[in-house]
Each structure stands twice: as C-alpha cells, then as structure tokens.
Amino acid sequence: MSDASTIRKQLKIKAGSAQRLYKEHRLYQKEEEDLKRKLDQYIADNAEEWDVKNTRRMLEESGKMITDSASRLGAVVQELRELVVCLAAEQDPELAQGEELIKAKEALETVSV
C-alpha cells in the first residue's frame with residue numbers, strides 16, 4: 001500500500017464503515033431494550049399469547065443481530081487499527097497529517113468507547 005491516494009481511500013472507507021456499524025450496533029441494542037420493556041409490559045398486562053410470542057421472537061432476532069453487528073464491527077475496527085498502526089510505522093509526513101488519518105483515529109476513539 002505505497003500509493004497515498006489508495007491509502008487515503010482505504011482510511012476513509014474503513015472509518016466510515018466503522019462509524020456506520022457502530023451506529024447500527026447501538027440501534028440494535030436500543031431495539032432489544034425496547035422489546036424487553038414491551039415484553040415485560042405484555043406479561044404484566046396479561047396480553048394475548050400471540051403478542052407475547054411475537055415479541056419474544058423479535059427479541060431473539062434482535063439478539064442475533066447484535067451478535068452479528070458486533071462481530072462485523074470488530075472486524076472493521078481491527079482492520080482500521082492495523083492500517084493506522086501501519087501508517088504510523090511508515091512515518092510518511094504526507095499521510096501523517098492527512099485529514100483521513102485524523103478522522104480514522106477519531107472513528108477508532110468513538111467506536112472503542
């Protein structure tokens with residue numbers, strides 16, 4: 001990866017992917033919390049069996065999506081972290097001060113919280 005424009009493009013793509021997947025992961029977690037509250041409310045209100053069963057099914061699906069989004073996020077973060085470390089080792093002044101690298105580092109800080 002010696003071509004500076006290719007490296008910039010990869011940084012931009014991977015940083016954007018990390019941020020998008022982080023947002024998606026948070027949304028699935030929020031959805032799971034909402035479904036848990038909804039299920040508890042249905043159980044407390046003695047709602048119809050279908051409502052309880054359907055909410056449990058949706059809750060299970062949200063759990064699967066959380067696992068999937070977490071694994072995809074982890075893979076993208078690892079790739080981005082490796083690329084940033086590789087660039088730090090090369091000490092290319094053109095890339096070291098580049099906007100893409102700064103945004104990639106910010107993305108890593110955001111998704112690592």
Side-chain angles (χ1 to χ4, degrees):
M1 278 195 186
S2 60
D3 186 27
S5 65
T6 303
I7 293 172
R8 280 193 200 102
K9 187 182 289 187
Q10 285 298 313
L11 280 171
K12 187 174 183 178
I13 289 169
K14 291 186 189 307
S17 294
Q19 290 173 332
R20 177 183 53 80
L21 287 169
Y22 179 68
K23 181 178 179 182
E24 181 180 314
H25 184 69
R26 282 193 345 238
L27 287 173
Y28 282 126
Q29 288 176 325
K30 183 178 180 335
E31 178 180 299
E32 184 181 48
E33 291 171 8
D34 292 345
L35 285 171
K36 282 180 182 177
R37 277 194 292 269
K38 187 176 181 181
L39 179 62
D40 291 341
Q41 187 64 39
Y42 280 158
I43 291 171
D45 293 345
N46 290 325
E48 291 186 28
E49 180 67 28
W50 183 88
D51 290 330
V52 173
K53 185 177 178 181
N54 190 44
T55 304
R56 281 191 176 126
R57 189 173 44 81
M58 291 181 351
L59 185 60
E60 180 181 316
E61 186 66 29
S62 289
K64 290 177 184 176
M65 292 307 298
I66 288 171
T67 304
D68 179 59
S69 64
S71 66
R72 289 185 293 137
L73 176 62
V76 169
V77 167
Q78 181 63 29
E79 291 173 8
L80 181 59
R81 187 171 286 129
E82 289 172 1
L83 187 57
V84 168
V85 167
C86 179
L87 289 176
E90 287 182 16
Q91 296 182 357
D92 185 351
E94 179 183 347
L95 292 172
Q97 301 300 321
E99 180 181 345
E100 291 85 2
L101 183 60
I102 293 169
K103 286 186 178 182
K105 287 180 180 180
E106 288 173 0
L108 280 173
E109 288 177 15
T110 300
V111 301
S112 296
V113 171

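Being a predicted model, the structure only gives us computed values, none of them experimental.
E82 and Q78 share a donor-acceptor pair across their side chains, judged by distance under 3.5 Å alone.
Between L108 atom CG and L83 atom CG the span is 9.5 Å, to the nearest 0.5 Å. Here NZ of K23 is found 14.0 Å from OG of S69. Values are rounded to the nearest 0.5 Å. Atom OH of Y42 sits about 8.0 Å away from atom CG of N54, to the nearest 0.5 Å. Rounding to the nearest 0.5 angstrom, the gap separating the OG1 atom in T55 from the CD atom in Q41 is 11.5 Å. For the atom pair S71 OG and H25 NE2, the distance stands at 10.0 Å (nearest 0.5 Å). Rounded to the nearest 0.5 angstrom, I7 CD1 and K12 NZ are separated by 16.0 Å.
A salt bridge links K14 with E79: the closest approach of a Lys/Arg side-chain nitrogen to an acidic carboxylate oxygen falls below 4.0 angstrom. Salt bridge annotation for K103-E99: present, with a cationic side-chain nitrogen under 4.0 angstrom from a carboxylate oxygen.
Here E106 pairs with nothing under the side chain to side chain donor-acceptor pair (under 3.5 Å) rule; sequence neighbours left out. Every residue two or more places apart in sequence or in another chain that forms a side chain to side chain donor-acceptor pair (under 3.5 Å) with D34 is listed here: K30, R37. Here R26 pairs with nothing under the side chain to side chain donor-acceptor pair (under 3.5 Å) rule; sequence neighbours left out. For E49, there are no side chain to side chain donor-acceptor pair (under 3.5 Å) partners, not counting sequence neighbours. Residues passing the side-chain contact (heavy atoms from CB on, under 4.5 Å) test with V76 are S17, A18, L21, sequence neighbours excluded.
Residues R56 and I43 meet the side-chain proximity criterion, which asks for heavy atoms closer than 4.5 Å. Residues E32 and Y28 form no side-chain contact, since every pair of their non-hydrogen atoms from C-beta on lies 4.5 Å or further apart.
Under the 4.5 Å side-chain contact rule for hydrophobic residues, L11 and I13 do not share a cluster.
Counting all heavy atoms, side chain and backbone alike, I66 lies closest to Q29 at CD1-CA, 3.8 Å. Contact between V84 and K105 at its shortest, heavy atoms only, is CG1-CE, 4.0 Å. Here the closest non-hydrogen pair linking L80 and A15 is CD2-CA, 3.9 Å.
Listed by first and then second residue, the salt bridge (Lys or Arg N to Asp or Glu O under 4.0 Å) pairs involving residues 63-77 are E24-R72, E60-K64, D68-R72 (not counting sequence neighbours).
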